[in-house]
Protein chains: 2
Amino acid sequence: MKLRTNGIVFQVAELRDNAYEHVSRELRRLGLNDLAPSHGLILITLYREKALSLKDLSIRINKKKSSTTELVDKLIRLGYVEKTASSDDQRVKLVRLTQKSLSHKDDFKELSDNVNGRLYQGFTAEDKRELMRLLNKALANY
Amino acid sequence: MKLRTNGIVFQVAELRDNAYEHVSRELRRLGLNDLAPSHGLILITLYREKALSLKDLSIRINKKKSSTTELVDKLIRLGYVEKTASSDDQRVKLVRLTQKSLSHKDDFKELSDNVNGRLYQGFTAEDKRELMRLLNKALANY
DNA sequence: TCTTTTTGGTTCGGTAACGAACTAAAAGAA
DNA sequence: TTCTTTTAGTTCGTTACCGAACCAAAAAGA
């Protein structure tokens, strides 16, 4: 089969869009109907790092700070996280999980595995390593 | 350096976002301030394929038909494309370029080269082939 | 100390994209 | 031919995301 080597950005974008669609389906399957992929990413990040400032969170999820404020505010409205002022810096607000989201931890582990696993279907360990290497190499160009 | 092999979807998404940001900057640099990456993709597609129905166009750019209608309507409003009813099927509307967009053909060729070239910076021919192979393999999983 | 600059966060207006509901034309079944 | 189903496209309400302007606290300079 013929392999095009131009239009690489479009291929990356298409893959992202397909994967994100899959994330949305998985969220719906878990009954988390009103969450978008980015909300899920915030929760997954917080399972790992417990408490993060909005700034650090925005860096982790690769979104602008205004977007992060809005995403977090929605998660607060839905009861998944809470925002508390930091004691040593009055500007900083720390975001952390609630009981509600902690109870979904296993769901998100499963979701993450499903989503990454699907992209990787049929990949050898070497394929995975190689794809990750090339993506990191490309990411370093920005 | 350590190479993580999980979180692949997030890496893909980050790469896409960085590349799209680059596209937006390039569009601004060319004075095409009110165009988003998707508009550019529509024009690039039409340079190649001359006239396309909204349905076929939506497949090419990987967007839903309602989104495609809206993207095209904006391009019409700005004078870059026109929409004409097909003669043999009254439902179909064909989208084609105008003089204005034809005059920008070289700009878009350059933009496309810049954008793909940047992602590929430092890549050997073998790297490029390998990345494209792995992306296609992943895309086949959806 | 007092002033200026930087930094963390929010607000607001605008846009791309979506899904659902809809219209009209074409194709298929009867 | 007439009825039903499929297909192409649009409309509309909603959402994620952004940039710009803004506020307040902290840090840096004077």
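Lettering follows sequence order; numbering is per chain, from 1. The structure presented is a predicted model; accordingly, all values stated were derived computationally and were not measured.
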*Asks:* Would you find more than 12 non-hydrogen atoms of other residues, nucleotides or ligands less than 6.0 Å from A:Gln99 atom CD?
*Replies:* no

*Asks:* Rounding to a whole Å, what distance do you find between A:Glu21:CD and C:dC18:C1'?
*Replies:* 10 Å

*Asks:* Between CD1 of A:Ile44 and CZ of A:Arg60, what distance do you get to the nearest 0.5 Å?
*Replies:* 14.5 Å

*Asks:* Given 3.5 Å as the limit, does a donor-acceptor pair link the side chain of B:Asn141 with the main chain of A:Gln121, or not?
*Replies:* yes

*Asks:* If you group Ile, Leu, Val, Met, Phe, Trp and Tyr by side-chain heavy-atom gaps below 4.5 Å, do A:Ile59 and A:Leu139 land in one group?
*Replies:* no

*Asks:* Give the first and the last nucleotide of DNA chain D, reading 5' to 3', that has any atom under 4.0 Å from a heavy atom of chain B.
*Replies:* D:dT7 to D:dC12

*Asks:* Measure across B:Lys74 and B:Asp34 and return the closest heavy-atom pair with its distance rounded to 0.1 Å.
*Replies:* NZ-O, 3.0 Å

*Asks:* With DNA chain D as reference, determine whether A:Asp34 or B:Val92 sits nearer its 5' end, using the nearest nucleotide of each.
*Replies:* B:Val92

*Asks:* Quick check for you: to the nearest 0.5 Å, what is the distance between A:Asn116 atom CG and B:Gln11 atom CD?
*Replies:* 10.0 Å

*Asks:* Within residues 54-80 of chain A, find the residues that approach DNA chain D with a heavy atom at under 4.0 Å, and present them sorted by residue number.
*Replies:* A:Lys63, A:Lys64, A:Ser66, A:Ser67, A:Glu70, A:Leu71, A:Lys74

*Asks:* With nearest nucleotides of DNA chain D determined for A:Asp88 and B:Asp89 from heavy-atom distances, which residue corresponds to the more 5′ nucleotide?
*Replies:* B:Asp89

*Asks:* Residues in ring-ring contact (aromatic ring centres under 6.0 Å, His included) with B:Tyr80, at least two apart?
*Replies:* none

*Asks:* Output every pair passing salt bridge (charged side-chain N to carboxylate O under 4.0 Å, His left out) with a member in residues 92-107 of chain A, not counting sequence neighbours, ordered by first then second residue.
*Replies:* none

*Asks:* For DNA chain C, list all stems, counting runs of three or more consecutive pairs where every pair is Watson-Crick or G-U wobble with both distances under 3.5 Å.
*Replies:* C:1-30 with D:1-30

*Asks:* So, does A:His39 use its side chain to make a donor-acceptor pair with the main chain of A:Ala36 at under 3.5 Å?
*Replies:* yes

*Asks:* Got a sec, which residues hit side chain to side chain donor-acceptor pair (under 3.5 Å) with A:Arg29, two or more places apart in sequence or on another chain?
*Replies:* A:Glu26, A:Glu110

